[in-house]
Amino acid sequence: MNAHMRGTSQVVVRLNDREWRVRPGEVLRIGRGHNCQVVILDSRISRLHGEVAQRDGVWVYRSVGSNGTFQDGHRLPEITQLDRVARLLLADPDDGIEIHIEAATSGSPRGEVHVERRRQVVLGTSPPAPSDNEDQPSDDSVLINPAGLTTIGRAADNDVVLSDIQASRYHAVLKKTSHGYAIENLGSMNGIQVNGVSVEDSALTRGDTITIGTTRLRFDGELLTVATSDPRTQSVICQEVSFALPDGRLLLEQVNFVVPPASLVAVIGPSGAGKSTLLTVMTGARRASGGAVYFDQREMYANRAEMRKRVGLVPQEDVVHRLLSVRQALDYAAELRFPPDLGTDARAERVNEVLEELSLQEHASTRIDRLSGGQRKRASVSLELLTKPSLLFLDEPTSGLDPGLDAQVMATLRRLADGGRTVVVVTHSVDNLDQCDRVLLLAPGGKVAYYGPPSELLPHFNRDRYADVFIDVAREPDTHRDRFAQSPLGHASTPQTPVPPAARANAPSAAQPAASGRRSARQQLSTLLRRQLRIIAADPMYAVAVVVLPAVLGMLTWLVPGDLGMASPTGAPDPLGSSEARQVLILVIIGACFMGMGLSIRELVSERAIFGRERDVGLSPAIYLAGKLMVYAILVILQAVILVLVTIIMKEPPTNSALLPSGTVELIAASALCAFAAATLGLAFSALVRTPEQVMPIFVLAIMAQLVLSGGLFTVDRPVLEQVAWLSPSRWGFAAAASTVNLQAHSPPGAVAPDQLWDPTAGAWGLAIGMLGVLSVGYALLCLLLLRRRQT
């Protein structure tokens with residue numbers, strides 16, 4: 001133990017990035033109440049939780065709160081002498097509110113907050129206990145400054161300090177206007193929502209709810225109070241939910257059930273029963289054709305911008321890059337999801353907390369593709385837990401796992417529910433349903449055939465095996481639905497909670513995309529670039545292939561007969577009709593198309609689940625695409641340089657040039673731009689296809705089309721064919737290369753007729769290069785449109 005603080009003139013108490021100095025004769029009160037200097041709005045904290053003061057020359061901490069104060073895992077007695085450095089946890093020995101108390105150094109550090117300074121409010125991540133009288137101001141409220149501004153954020157010098165990892169340091173400000181009060185977003189990353197709607201600034205009326213990160217504040221005209229809710233209302237309610245396809249076929253029909261708070265619910269049923277559809281409807285990704293979904297008495301669709309911060313979704317496919325380690329994947333996800341002003345240390349601390357919560361510490365440095373199936377699924381779950389969602393959905397997390405791993409995953413979900421989260425899991429496995437609090441059995445057509453405790457499912461159907469139950473409900477879905485609806489369990493599962501009028505108001509007519517809030521494009525782009533380059537570096541074979549492929553393609557030009565290469569002919573063309581330069585250029589340009597498209601054509605379809613989830617939590621599709629294109633630009637330039645340099649080693653380089661001082665530089669530029677245009681076309685194909693298996697046939701067909709439409713094999717001057725060729729990168733790449741080497745002078749009688757696009761002039765070369773740029777932009781815009789419209 002350290003020496004006690006006897007004789008110390010003053011002590012410093014630190015909470016988050018704030019600090020208070022306490023001098024002899026002063027008492028620093030810590031708790032939820034108005035009479036405290038350190039106000040912590042957390043339901044676990046008592047109104048007066050503890051005090052720091054000096055007694056008989058010794059600094060002591062007096063524990064008052066019913067939930068206690070802990071040090072090194074032990075509950076402190078009422079009076080405790082303080083060590084030179086004390087780390088205390090309020091209300092919980094493992095996950096309590098952490099404060100530090102230490103002897104003060106001389107001087108006044110910057111940012112010091114003395115106990116006499118005006119009171120500020122520190123909001124915890126847990127809601128405060130509800131007030132017994134809603135008409136009276138709670139001790140968890142702050143009086144709004146009637147003459148100026150009331151600032152809200154994570155920094156210590158705000159009027160309302162949010163202990164919320166998704167809040168920016170200076171997030172929003174309440175200001176007095178001629179018509180009352182208004183709130184304004186201060187350029188925060190995650191934005192603000194008023195009554196569930198994302199706004200940049202908005203007038204406020206009495207009763208409005210302001211959501212910042214995961215914290216909800218209620219405005220009553222003069223006070224700003226943490227929005228409290230009865231724990232009994234923090235449930236998920238599916239009320240008369242139906243979902244129909246455009247052709248009228250029902251996938252869900254009047255689904256009614258209530259998910260209790262902090263419970264684990266499994267959704268099971270035969271194939272085609274609508275389990276995954278129900279999940280997309282409950283998360284708000286799709287709007288129900290009829291009925292509604294509520295969480296904490298908030299309508300899911302009308303409040304999507306708010307709910308996306310409180311709801312986590314783990315799709316069936318892994319949402320982590322398999323070539324990254326677990327910690328790397330979490331670090332990049334934290335950068336994308338948390339405010340950039342949070343700081344590296346705070347992000348790393350949250351990553352460590354998630355790793356510990358899911359027992360992944362020993363695998364933190366392991367590449368994800370080397371983990372077991374159950375560990376990979378836990379890695380996907382860990383990304384969702386970063387933002388501390390109170391509601392978690394999982395779609396088939398045990399699909400493809402053996403029974404042992406299945407049990408491990410379900411045990412993990414059980415622990416998450418026991419920790420206070422509400423967890424809904426769609427599963428085909430029935431071996432571990434005893435881990436769940438409730439089971440929802442859907443019959444074909446999306447009809448509820450059972451909802452209740454897992455122990456009563458088989459007796460309800462008078463069966464001994466789940467397989468027999470599935471057969472029964474598949475054979476007679478309506479019979480079992482009606483039978484369940486008339487049973488006591490059916491009546492118990494029907495939502496009885498009245499929907500508050502505010503939840504119905506202003507509901508949109510269709511599901512709205514999740515608002516992203518204001519994020520730094522530069523910060524997002526930096527994260528994506530570093531992640532993409534790390535993924536490439538993590539696969540040595542891929543990195544080697546990027547270098548080896550253009551070298552091999554360049555060496556193939558050595559097989560072309562002739563000694564002239566791409567140099568200007570000194571005599572008459574070869575009477576046999578052999579155009580060595582033309583064949584070399586075909587290999588170079590089609591090779592460039594092959595390299596560019598090969599880099600990108602599998603990229604988006606293989607990352608569809610990852611991008612879909614990152615888009616839901618705020619990633620801009622334009623920034624995502626820009627990150628890909630910037631990496632491809634670097635790679636195709638490198639490949640073009642290698643391809644052309646190896647080619648001129650095998651064959652004579654161009655003698656002349658059309659615009660630039662060097663024909664070799666022109667050929668590199670044409671190859672690089674052609675490869676980049678092909679890469680953007682490959683990305684568009686990747687965004688268009690549904691599965692990675694569809695990529696290879698399209699890739700082969702596209703490369704053959706590039707060869708035919710290039711104009712190097714035969715003249716593409718026929719109607720329609722010529723216009724289609726304009727859309728081909730190889731057409732303009734070959735034209736630019738032909739202009740550089742003056743291919744018209746190489747063409748012998750009877751060979752491919754000279755093309756006017758091959759003129760050895762600056763205008764012809766510039767037109768071809770410009771068209772490659774136009775195609776690149778056009779295909780990138782097409783890809784962006786597909787990304788925005790694709791429902792992942």
Would you say the side-chain atoms of [X] pair up with the backbone N or O of [Y], donor to acceptor, closer than 3.5 Å?
X: T277; Y: L251; answer: no
X: K651; Y: G562; answer: yes
X: E384; Y: L392; answer: no
X: R608; Y: A687; answer: yes
X: R531; Y: L324; answer: no
X: E580; Y: D563; answer: yes
X: S686; Y: I601; answer: yes
X: S710; Y: G712; answer: yes
X: T740; Y: A736; answer: yes
X: E666; Y: L659; answer: yes

Rounded to the nearest 0.5 Å, what separation is found between the [atom1] atom of [X] and the [atom2] atom of [Y]?
X: T283; Y: L313; atom1: OG1; atom2: CG; answer: 5.5 Å
X: Q639; Y: F676; atom1: CD; atom2: CZ; answer: 13.0 Å
X: L525; Y: R522; atom1: CG; atom2: CZ; answer: 10.0 Å
X: L688; Y: L683; atom1: CG; atom2: CG; answer: 12.5 Å
X: L643; Y: I648; atom1: CG; atom2: CD1; answer: 10.5 Å
X: M410; Y: D406; atom1: CE; atom2: CG; answer: 7.0 Å

Any side-chain heavy atom of [X] within less than 4.5 Å of one from [Y]?
X: H428; Y: K275; value: yes
X: L549; Y: I642; value: no
X: C783; Y: L604; value: yes
X: F243; Y: T280; value: no
X: S600; Y: K628; value: no
X: V425; Y: V409; value: no
X: S657; Y: S662; value: no

So S671 and V588, side-chain contact (heavy atoms from CB on, under 4.5 Å) or not? Walk me through it.
CA-CA 7 Å; S671 301; V588 170; 3.4 Å; yes
Could you walk me through whether W732 and L757 satisfy the side-chain contact (heavy atoms from CB on, under 4.5 Å) test, starting with their C-alpha distance in whole Å, then the side-chain angles of each, then the deciding distance to 0.1 Å, before giving a yes or no?
CA-CA 8 Å; W732 301 103; L757 296 178; 3.8 Å; yes
Non-hydrogen atoms of [X] and [Y] that approach each other most closely:
X: Y542; Y: L635; answer: OH-CD1, 4.3 Å
X: G711; Y: W758; answer: O-CZ2, 3.4 Å
X: G554; Y: T647; answer: CA-OG1, 3.6 Å
X: V326; Y: H363; answer: CG2-O, 3.5 Å
X: P653; Y: T664; answer: CB-OG1, 3.9 Å
X: L599; Y: V546; answer: CD2-CG2, 4.3 Å

I'd like to know whether I368 forms a side-chain contact (heavy atoms from CB on, under 4.5 Å) with H321, so could you lay out the CA-CA distance, the side-chain angles of the two residues, the decisive distance to 0.1 Å, and finally the verdict.
CA-CA 7 Å; I368 292 171; H321 291 89; over 6 Å; no
Test S526 against R530 for side chain to side chain donor-acceptor pair (under 3.5 Å), laying out the working first.
CA-CA 6 Å; S526 170; R530 287 183 286 107; 3.3 Å; yes
Would you sort out whether S382 and L330 count as a side-chain contact (heavy atoms from CB on, under 4.5 Å), showing the intermediate values?
CA-CA 8 Å; S382 67; L330 287 172; 3.3 Å; yes
Start with the C-alpha distance between S728 and S730, add both sets of side-chain angles, then the distance that settles side chain to side chain donor-acceptor pair (under 3.5 Å), and finish with yes or no.
CA-CA 5 Å; S728 170; S730 65; 2.8 Å; yes
With a cut-off of 6.0 Å (strictly less than), are more than 12 heavy atoms of other residues, nucleotides or ligands near [atom1] of [X]?
X: Y624; atom1: OH; result: yes
X: R602; atom1: CZ; result: no
X: Q723; atom1: CD; result: yes

Is there a salt bridge (charged side-chain N to carboxylate O under 4.0 Å, His left out) between R367 and D539 once you walk through the steps?
CA-CA 11 Å; R367 237 171 58 170; D539 188 354; over 6 Å; no
Taking it one step at a time, do S372 and Q375 satisfy side chain to side chain donor-acceptor pair (under 3.5 Å)?
CA-CA 5 Å; S372 68; Q375 292 164 347; 3.3 Å; yes
